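Since the structure is predicted, the reported quantities are computational estimates derived from the model, not experimental observations. We count residues from 1, following the sequence as given.
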Amino acid sequence: MSGVPGLLFGRRARLRWIHLILGGALAMPYVLVGSVVISPLTSTTDVFSSPTLQLASFAVGLPLAAVTSLFPLTRPLETAAVRWLCGVDAARLADGPARTRAAKGRTAVWYTVHLGLGGIIAGMSLTVPPFAVALIVLPLFAGLRDYPLGLPEVLDSTWALALSPVAGVTSLLALAGCVAGCGVLLARWAPALLGPTPEDRLAAAEARAADLAVRNRLARELHDSVGHALSAVTLQASAARRVLDTDPEFVRDALAAIEDTTRRTVGELDAVLGVLRNDEDRGGMPSPTLATGLDDLLRGIRASGLKVTATIGTRLHALPAMVSREAYRIVQEGLGNVLRHAGEGVAVTLCVEVRDGRLTITVENPHGTSVATVRPAAATRPGGGHGLRGIRDRTRLLGGTTEAGPENDTWRLHVELPLQDDGMTRGPSHPGRTALGPPGPPTEPEDTP
């Protein structure tokens, strides 16, 4: 259905008519309150017997509707109705309650206009169709003229009786035109009166930023836990395959390490997926920390063939939960970085300690060893480039510093994290160091030790 018929009787026009009827239904309680106010001021007890008094009650009720529109749920409900029934693009309408005085004022104007036009259209929808039908069938049923239908006396004449069907059809078309016109007006006014304010756009941007931050955090968790586990398991399986016939004891140890690594990683993956499902109370395994997971991490790394010499401080159990959790991931990625790119048999030193109110993490391995002795089969997965970037992101969020790269004949990763809350907001205070900003283009391959 297109053109004028579609505009008057199409699906969109019918939905907008329903929207107007809903406005008329919402207006009825206010009209009743208005009639209570008007009734003592008149000599009649039946306000609805007079069209003038009905209009007066309607006029008194609309300001009451404007006042009640200040309730927080008014704008979300009206916005949902406009999206569904008026065909207005959802992006042009605001979500949530009105927050500012201007937004509340526009919502009050919209609610008043909706109920006002809806009340008029609802009244016309109740009265015009029966009257139009009576005019259409009047020439066929002359006896209707004897009933008190309120028809004009001019219909007693022959020429008026012959034209009454035309008048009836015209009345129905006029009603359809009024409905379509009011529906178009409301659809055009809705973005201006129910559209987002600058405050709404700012709140939406903050919500998107928060959602993006959660997604990035989950991506880092998955990269650090699953990526490290796959690298370790691949090396363990490769080493076991090469000595399968000559060293069964080593194969048993490698299989036990694979089992332990995969079991731990499944628990970590379950915890991350629990966050995605907003199901944190279902008893999933908590994220590992330095105090709870470092021993297992080192055991798995050593089982993969990496020779790790670790110096671990004694105060790790007292670290703030967030710092301990993020530091565990930093250690995991630092060791996993060496494991992926240098392969088994490489000597690595790890130092984790607390001093001067800061947690320091240092991972070092001889640069010549990691480059010269690495075999083509040692790399467990191609590509990469996200490990050190993830470390920088974690460190920056905690207000710390990151140094990574070759130093003399050693590849060195050095991270410092503040333990006080003020340090996490202001950034590092050590002379000669500044908080790390967004990482620029790396001068060395991002993950190459």
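- Ring planes of Y111 and Y30: perpendicular class, angle over 60° (limits at 30 and 60°).
- By the 4.5 Å heavy-atom criterion applied to side chains, L335 and V338 are not counted as neighbours.
- No donor-acceptor pair closer than 3.5 Å links the side chain of S238 to the backbone N or O of T234.
- Here CG of L115 is found 11.0 Å from CG of L64. Values are rounded to the nearest 0.5 Å.
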Please lay out, stage by stage, how V88 and L194 fare under the test side chain to side chain contact (heavy atoms under 4.5 Å, CB included). CA-CA 11 Å; V88 179; L194 295 178; over 6 Å; no
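- The two atoms that bring F250 and A240 nearest to each other are CE2-N, 4.0 Å, heavy atoms only.
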For L85 and L22, run side chain to side chain contact (heavy atoms under 4.5 Å, CB included): C-alpha distance rounded to whole Å, both residues' side-chain angles, the deciding distance at 0.1 Å, then the answer. CA-CA 11 Å; L85 298 174; L22 290 176; 3.8 Å; yes
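- Using a 4.0 Å cut-off between a side-chain N of Lys or Arg and a carboxylate O of Asp or Glu, R329 and E326 do not qualify as a salt bridge.
- Note on residues 55-69: no pairs pass salt bridge (Lys or Arg N to Asp or Glu O under 4.0 Å), not counting sequence neighbours.
- Minimum heavy-atom separation, I391 to G334: CD1-N, 4.1 Å.
- In this structure a side-chain-to-backbone donor-acceptor pair under 3.5 Å is present from T68 to A65.
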Tell me, with the steps shown, if L398 and M322 meet side chain to side chain contact (heavy atoms under 4.5 Å, CB included). CA-CA 9 Å; L398 293 175; M322 177 181 293; 3.6 Å; yes
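- K307 contributes atom NZ, which lies 13.0 Å from atom CG of N365 (distance to the nearest 0.5 angstrom).
- Looking only at side-chain heavy atoms (C-beta outward), T360 and R355 come within less than 4.5 Å of each other.
- Across all their heavy atoms, E364 and T410 have their closest contact at CB-CG2, 3.8 Å.
- With rounding to the nearest 0.5 Å, the separation of CD1 in I120 from OG in S125 is 11.5 Å.
- Looking only at distances, a side-chain donor or acceptor of S324 sits under 3.5 Å from a matching main-chain atom of L290.
- Pairing each heavy atom of G313 with each of L316, the nearest pair is O-CG, 3.8 Å.
- Side-chain polar atoms of T100 and T197 form no donor-acceptor pair below 3.5 angstrom.
- Within the 3.5 Å criterion, the main-chain N or O of L70 finds no donor-acceptor partner in the side chain of T74.
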Ignoring hydrogens and angles, write down the donor-acceptor pairs under 3.5 Å from the side chains of residues 172-193, residues two or more places apart or on other chains.
none

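- Here OG1 of T289 is found 9.0 Å from CG of L294. Values are rounded to the nearest 0.5 Å.
- Rounded to the nearest 0.5 Å, atoms CG (L77) and CG (L26) are 9.5 Å apart.
- Under the 3.5 Å distance criterion, the side-chain polar atoms of R12 are left unmatched by any main-chain donor or acceptor of L7.
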Does the pair V363 and I330 meet the rule for a side chain to side chain contact (heavy atoms under 4.5 Å, CB included), with working shown? CA-CA 10 Å; V363 179; I330 291 172; over 6 Å; no
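- In this structure a side-chain-to-backbone donor-acceptor pair under 3.5 Å is missing from T292 to P288.
- Rounding to the nearest 0.5 angstrom, the gap separating the SG atom in C86 from the NE2 atom in H114 is 7.0 Å.
- Across all non-hydrogen atoms, the minimal contact from S57 to V31 is CB-O, 3.8 Å.
- When all heavy atoms are compared, the tightest approach of L419 to P320 is O-CG, 3.9 Å.
- In this structure the side chain of L255 never reaches within 4.5 angstrom of the side chain of R252, judged on heavy atoms.
- Listed by first and then second residue, the salt bridge (Lys or Arg N to Asp or Glu O under 4.0 Å) pairs that reach into residues 60-81 are R75-D200, sequence neighbours excluded.
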